[in-house]
Amino acid sequence: WTLNYVLDHPLGGGFEMYRISRIELPTQMPGEDVEMQNGRAFHSIYFEVLGEHGWFGFALFVSLLGVSLLTLRKVSKRTKHIPQLCR
């Protein structure tokens, strides 16, 4: 649902946009009305950021994660040989 929404709205839907989701659930018996559910949670931080903030916000989020991991790796390499900082 989120991917289809973001393809139509590349800048996202804003905070709490999960409230506008609508899901049609099939019924057990043929001929019954379709059950509608509104406001399903994302269940993934990546889909949540993508849906709420669009492609640009998602790129910023993933970039922030990548830069954080690279910085932690640099700190780990620089402090590897300092005995006070090792376990």
Side-chain angles (χ1 to χ4, degrees):
W1 182 88
T2 304
L3 290 175
N4 290 333
Y5 182 81
V6 173
L7 290 174
D8 292 337
H9 304 89
L11 297 177
F15 291 107
E16 296 187 14
M17 65 87 53
Y18 67 90
R19 294 179 187 236
I20 64 172
S21 70
R22 295 183 80 175
I23 296 173
E24 295 181 7
L25 298 175
T27 58
Q28 298 292 336
M29 303 298 270
E32 291 182 2
D33 289 338
V34 175
E35 181 183 344
M36 297 293 291
Q37 288 188 356
N38 295 325
R40 284 251 174 122
F42 288 106
H43 299 291
S44 169
I45 187 64
Y46 303 104
F47 283 112
E48 184 170 353
V49 170
L50 180 62
E52 289 181 351
H53 306 293
W55 293 110
F56 182 71
F58 182 72
L60 283 175
F61 179 71
V62 172
S63 299
L64 180 65
L65 290 176
V67 168
S68 297
L69 289 174
L70 289 174
T71 302
L72 288 171
R73 188 172 176 195
K74 283 182 186 179
V75 169
S76 176
K77 284 184 178 184
R78 288 182 182 179
T79 59
K80 183 191 271 186
H81 302 292
I82 301 175
Q84 295 86 356
L85 300 177
C86 293
R87 292 185 197 172

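Hydrogens, waters and symmetry mates play no part in the numbers below; they use all other heavy atoms, side chains included. Because the structure is predicted, anything quoted here is derived from the model rather than measured.
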Set of residues satisfying side chain to side chain contact (heavy atoms under 4.5 Å, CB included) with respect to Leu3, sequence neighbours excluded
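Side chain to side chain contact (heavy atoms under 4.5 Å, CB included) check on Leu3 returns Phe47, Leu50.
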
Under the side chain to side chain contact (heavy atoms under 4.5 Å, CB included) rule, collect the residues that match up with Leu11, sequence neighbours excluded.
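Leu11 satisfies side chain to side chain contact (heavy atoms under 4.5 Å, CB included) with no other residue.
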
ILVMFWY clustering at 4.5 Å (side-chain atoms), partners of Leu60:
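Answer for Leu60: Phe56.
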
Please set out all donor-acceptor pairs under 3.5 angstrom arising from side-chain atoms of residues 69-84, sequence neighbours excluded.
{"from": "Thr71", "atom 1": "OG1", "to": "Val67", "atom 2": "O", "distance (Å)": "2.8"}
{"from": "Thr79", "atom 1": "OG1", "to": "Val75", "atom 2": "O", "distance (Å)": "2.8"}

To the nearest 0.5 Å, what is the distance between NE2 on His53 and CZ on Phe61?
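The distance works out to 9.5 Å.
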
Same apolar cluster: Phe58 and Leu64, side chain cutoff 4.5 Å:
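No, no single cluster joins them.
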
